[in-house]
Asks: 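Submitted below is the structure of interest, expressed as structure tokens.
Only heavy atoms go into these numbers, but all of them, side chains included; no hydrogens, no water, no symmetry mates. A quick note: this is a predicted structure, and the numbers were derived from the prediction, not measured.
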Amino acid sequence: MDFATFAVRFLPFFAKGALITIEVTLCGLLLGLVLGVIAALMNISTIGVLRAIGRLYTWAIRGTPLLVQIFIIYAGLPQVGIQLTAFVSGVIALGINSGAYIAEIVRAGILSIDPGQMEAAESLGMTYGLAMRRIIFPQAYRRLLPPIVNEFVALLKDSSLVSVMALTELMRVGQQVSSATLMPMQTYVMVALFYLLMTTVIVFISSRIERRLEARS
């Protein structure tokens, strides 16, 4: 079977797997954004306990492989009575892992804003939370966009690791097709092309958004 025939025959299977890859990655990124912002605020908090918890989270997650975290969640949690589907386990694993990296991105973005602006906001009577929401974050998010897009691209590629959970995302579909056809070269070239297409679309959309933000500023 030539590559063109192979591609046409199995295209729907790869497309379905790619769709699940996008879903689990997007959900993982959203969870990671929430965890990352919380951890970043804890890391820069003046309260020692919160700062210690935030730093412990980023240190522990960034210092251990994603694959190990996946196995802890997927294979370890059932031992303590917590049963999750493969999709939910994948989202949680990707979200927790991504959150640690996003925390450092957000922390750096917040700290890049002139501290005098926070002091000025507080002198106007704003609370810390209100000043962060109305003064600091609106300026920081433009600086955060490129590194968060990079994190999104990295997370999309790392999502191939959740194939060990038997979640039928793109990589898992590739493994199944390769086993059924005994054509690993054609199979994994197709998998690579799908990942390349998805990352290219993400970078393209990000570039358009950045240009619009620059035009508005």
Side-chain angles (χ1 to χ4, degrees), residues 13-40 42-43 53-107 147-180 183-203:
F13 297 96
F14 288 111
K16 187 176 180 180
L19 182 61
I20 295 175
T21 292
I22 292 172
E23 289 175 352
V24 73
T25 304
L26 275 175
C27 292
L29 181 68
L30 291 175
L31 177 60
L33 283 170
V34 173
L35 294 176
V37 171
I38 293 173
M42 294 173 74
N43 282 337
I53 294 172
R55 290 180 178 177
L56 177 64
Y57 165 66
T58 54
W59 168 74
I61 299 301
R62 296 180 69 190
T64 53
L66 173 58
L67 187 58
V68 174
Q69 297 161 15
I70 288 172
F71 277 119
I72 289 174
I73 293 172
Y74 184 62
L77 289 183
Q79 289 189 342
V80 295
I82 301 175
Q83 297 286 346
L84 301 172
T85 65
F87 184 87
V88 173
S89 297
V91 169
I92 292 175
L94 293 177
I96 290 176
N97 183 269
S98 180
Y101 291 92
I102 291 176
E104 289 300 289
I105 294 171
V106 174
R107 184 183 67 84
I148 286 180
V149 170
N150 288 338
E151 172 59 25
F152 186 18
V153 171
L155 192 65
L156 180 71
K157 292 184 287 187
D158 287 345
S159 69
S160 62
L161 293 175
V162 302
S163 62
V164 298
M165 299 178 176
L167 179 64
T168 52
E169 43 73 64
L170 181 56
M171 189 65 186
R172 182 67 176 175
V173 170
Q175 293 169 349
Q176 292 172 340
V177 172
S178 177
S179 298
M183 300 176 70
M185 176 60 78
Q186 293 88 335
T187 298
Y188 291 113
V189 167
M190 281 290 289
V191 171
L193 288 174
F194 266 91
Y195 275 112
L196 187 61
L197 174 63
M198 290 187 288
T199 55
T200 301
V201 170
I202 293 170
V203 172

Asks: What heavy-atom pair brings Tyr195 and Leu156 nearest, and what distance separates the two atoms?
Replies: CE2-O, 3.6 Å

Asks: Quick check for you: to the nearest 0.5 Å, what is the distance between Ile92 atom CD1 and Ile70 atom CD1?
Replies: 12.0 Å

Asks: Between Ser160 and Glu169, which heavy-atom pair has the shortest distance, and what is it?
Replies: CA-OE1, 3.7 Å

Asks: Could you give the distance from CZ (Phe152) to NZ (Lys157), rounded to the nearest 0.5 Å?
Replies: 12.5 Å

Asks: Drop me the distance from Ile82's CD1 to Ser89's OG, to the nearest 0.5 angstrom.
Replies: 10.0 Å

Asks: At what distance, to the nearest 0.5 angstrom, does CD1 of Ile53 lie from CG of Asn43?
Replies: 11.0 Å

Asks: Do Met190 and Val177 have side chains that approach each other closer than 4.5 Å (heavy atoms only, starting at C-beta)?
Replies: no

Asks: List the steps and the verdict of side-chain contact (heavy atoms from CB on, under 4.5 Å) for Met198 and Thr25.
Replies: CA-CA 11 Å; Met198 290 187 288; Thr25 304; over 6 Å; no

Asks: Could you measure the distance from the CG atom of Leu170 to the CG atom of Leu193? Nearest 0.5 Å is fine.
Replies: 10.5 Å

Asks: Between Leu84 and Val88, which heavy-atom pair has the shortest distance, and what is it?
Replies: CD2-CG1, 4.1 Å

Asks: Indicate the atoms forming the closest heavy-atom contact of Gly36 with Ile102, along with that distance.
Replies: CA-CG2, 4.1 Å

Asks: Could you give me the CA-CA distance, side-chain angles and deciding distance for Leu31 and Leu94, then say whether side-chain contact (heavy atoms from CB on, under 4.5 Å) is met?
Replies: CA-CA 8 Å; Leu31 177 60; Leu94 293 177; over 6 Å; no

Asks: Rounded to the nearest 0.5 Å, what separates atom CG in Leu29 from atom CG in Leu33?
Replies: 4.5 Å

Asks: Test Leu56 against Trp59 for side-chain contact (heavy atoms from CB on, under 4.5 Å), laying out the working first.
Replies: CA-CA 5 Å; Leu56 177 64; Trp59 168 74; 3.7 Å; yes

Asks: Decide yes or no for Val173 and Lys16: does some side-chain heavy atom of the first lie under 4.5 Å from some side-chain heavy atom of the second?
Replies: no

Asks: Would you check if the side chain of Ser178 reaches a backbone N or O of Thr187 as a donor-acceptor pair within less than 3.5 Å?
Replies: no

Asks: Atom OH of residue position Tyr188 - does it have more than 12 heavy atoms of other residues, nucleotides or ligands inside 6.0 Å?
Replies: yes

Asks: Looking only at heavy atoms, which two atoms of Thr58 and Ala103 are closest? And how far apart?
Replies: CG2-CB, 3.8 Å

Asks: Give me the atom names and distance for the closest heavy-atom approach of Ala40 to Arg107.
Replies: CB-N, 3.8 Å

Asks: Would you check if the side chain of Ser98 reaches a backbone N or O of Gly95 as a donor-acceptor pair within less than 3.5 Å?
Replies: no

Asks: Let's go through Val191 and Met171 carefully: what are the C-alpha distance in whole Å and the side-chain angles of both, what is the deciding distance for side-chain contact (heavy atoms from CB on, under 4.5 Å) to 0.1 Å, and is it a yes or a no?
Replies: CA-CA 7 Å; Val191 171; Met171 189 65 186; 4.2 Å; yes

Asks: Between Tyr57 and Ile96 (side chain of the first, backbone of the second, donor and acceptor by atom type, cut-off under 3.5 Å), is there such a pair?
Replies: yes

